[in-house]
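A quick write-up on the structure given underneath.
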Amino acid sequence: MSRRIPLIAMLGLLLLFMAACTNKKSVNPLANVGSKQPDKVLFDKAMEAMRHNRFDVARLTLQTLINTYPDSEFIARAKLAVGDSWYAEGGAAALAQAEQEYSDFQIFFPNMPEAAEAQLKIANIHYQQMEKADRDYTNAKRAEDEYRKLILQYPDNKLVPEAKQRLLEVQEVLADREFGIGRFYALRESYAASIARLQSLVEKYPLYSRADEALYLLGQDYEGQMLRLRNAPTCDAHYLPRGCATEAAKADLIGKLTQHASEQYAKILKRYPLMDRSDDAKRRLEALHQPVPRPTKADVQRNRAEIASRSEATMTDKLMGIIKKGPDMAQAAKVGEPSMADPDPVAPSRVVHDEFMGSPEPKHNASLGVEIVNQPAAGDTSASGEATTPGGSPFGTASGVAPAAAPDPNELKPTAPADSNELKPVDSGNQLLPPPPQVNEIHQGQSSSASASADDSTPASDADLSSSKKKKKTGLKKIIPF
């Protein structure tokens with residue numbers, strides 16, 4: 001019996017030592033807190049439920065944590081996890097709830113590092129719900145605004161490069177929408193509306209994959225206005241018929257439109273020298289008798305990098321695009337900085353005002369006259385069937401008011417020779433194509449191509465342009481789109 005007592009004592013000490021060794025605090029790598037507090041237990045249960053896609057259980061557990069322990073250090077992570085549960089669940093209603101939760105998180109915890117992540121997920125919510133370019137663009141516009149907000153509010157965050165790339169893809173969809181609308185107006189010869197859309201497009205989205213096509217179509221709109229102006233009737237001595245234009249006004253407007261069209265074609269050759277419309281733009285400049293600019297080596301390298309960054313859609317992608325709701329963003333550029341500000345939108349009324357209201361207006365003096373045929377009253381034989389005297393009112397005289405016949409011939413005596421002199425320079429053709437100043441600046445840049453230097457500002461040679469041009473489709477590839 002005495003031998004068993006020391007053995008029992010030794011076993012008891014060994015059990016106490018083992019119990020002391022196992023009484024260690026568990027470490028949660030997610031919470032990074034070594035404790036067994038009840039708020040931490042609730043948070044762990046919610047995370048475990050989310051890993052098993054039990055989002056309702058996870059939200060109930062997180063809400064219990066938020067209501068029961070309002071001063072817990074897990075409050076911020078719990079509120080962010082509630083939004084993550086809605087985000088992971090998916091669906092239009094769940095994504096709307098997730099956006100609200102992320103917005104609340106930014107309001108309550110604006111200085112936490114996770115605030116940038118919440119802003120990125122708000123933008124991703126609208127990014128995932130984007131539709132094709134010819135459909136509703138509400139989510140695309142919201143995604144553009146939210147990505148811009150992230151880049152501007154958190155410029156040093158590690159999520160900014162991802163936001164910039166997503167923003168480039170969103171802007172590709174929005175630019176494709178604007179191009180489709182501008183092309184629609186151009187096909188229906190509504191040139192002012194088409195110019196307004198395309199001009200806003202090229203100013204706002206210079207990295208659009210079809211920017212050269214937009215500039216070429218913009219130049220074609222100006223040429224369409226020139227053709228319409230040439231076919232307009234010429235005014236007679238009384239500036240009739242309605243909607244006519246004098247030869248001097250036609251020459252002035254054609255010169256302005258020629259300048260605008262040549263500017264768009266020159267932008268293609270200088271900004272997008274390796275794209276498909278560069279050769280067509282060169283031919284149009286030669287047809288308009290305008291100088292053909294030459295791009296610099298830096299312009300060629302930049303355009304080459306933009307083209308190389310774009311990916312071509314495969315046959316499977318094009319077939320799936322028929323039934324897929326979202327847009328195809330394979331052509332979006334992966335280099336360059338996205339547009340961060342919207343320029344002032346161009347209105348069609350502004351286009352009409354800038355183009356036509358700046359032309360010389362006809363002088364409303366002795367050259368204007370309208371024949372007024374009235375039924376004279378009894379005894380009034382002075383106004384029977386006579387034309388209004390030049391300088392008088394073209395709408396006749398009020399009833400019961402005697403016309404002042406004596407001042408009219410005296411009033412028009414000094415203006416009579418001006419009427420004949422006004423029509424003298426009509427046949428002079430030296431005003432048809434006035435030299436535009438901006439094109440002359442391009443011409444000066446072209447003359448410097450003879451002196452080639454080693455830096456990137458020197459004009460590119462023909463070998464640089466021809467070796468970098470994209471090969472056009474041949475054979476059956478012209479017929480089969482994929």
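These figures come from a predicted structure and were not determined experimentally.
- Lys256 has its side chain within reach of Asp252: a pair of non-hydrogen atoms, C-beta onward, lies under 4.5 Å apart.
- A cation-pi arrangement is present between Arg277 and Tyr216, with the terminal nitrogen or guanidinium carbon under 6.0 Å from the aromatic centre and inside a 45° cone about the axis.
- In this structure a side-chain-to-backbone donor-acceptor pair under 3.5 Å is missing from Thr61 to Leu42.
- Counting only heavy atoms from C-beta outward, the side chains of Asp212 and Ser278 never approach each other to under 4.5 Å.
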Kindly determine whether Gln119 and Gln106 satisfy side chain to side chain donor-acceptor pair (under 3.5 Å), including the steps that lead there.
-> CA-CA 8 Å; Gln119 179 61 37; Gln106 288 183 305; 3.0 Å; yes
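- With hydrogens and angles left out, the side-chain atoms of Tyr87 and Gln128 include a donor and acceptor closer than 3.5 Å.
- In this structure the side chain of Leu120 never reaches within 4.5 angstrom of the side chain of Arg166, judged on heavy atoms.
- Between Tyr154 and Pro113, the closest side-chain pair of non-hydrogen atoms is not below 4.5 Å.
- Annotation: side chain of Arg142 is not in contact with side chain of Ile125 (no heavy-atom distance under 4.5 Å).
- Of the possible polar contacts, none joining the Glu101 side chain to the Trp86 backbone as a donor-acceptor pair under 3.5 Å is found.
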From CA spacing to verdict: side chain to side chain donor-acceptor pair (under 3.5 Å), Tyr191, Gln220 | CA-CA 9 Å; Tyr191 297 122; Gln220 291 292 299; over 6 Å; no
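- Remark: the Ser209 side chain and the Glu172 side chain contain an N/O donor-acceptor pair separated by less than 3.5 Å.
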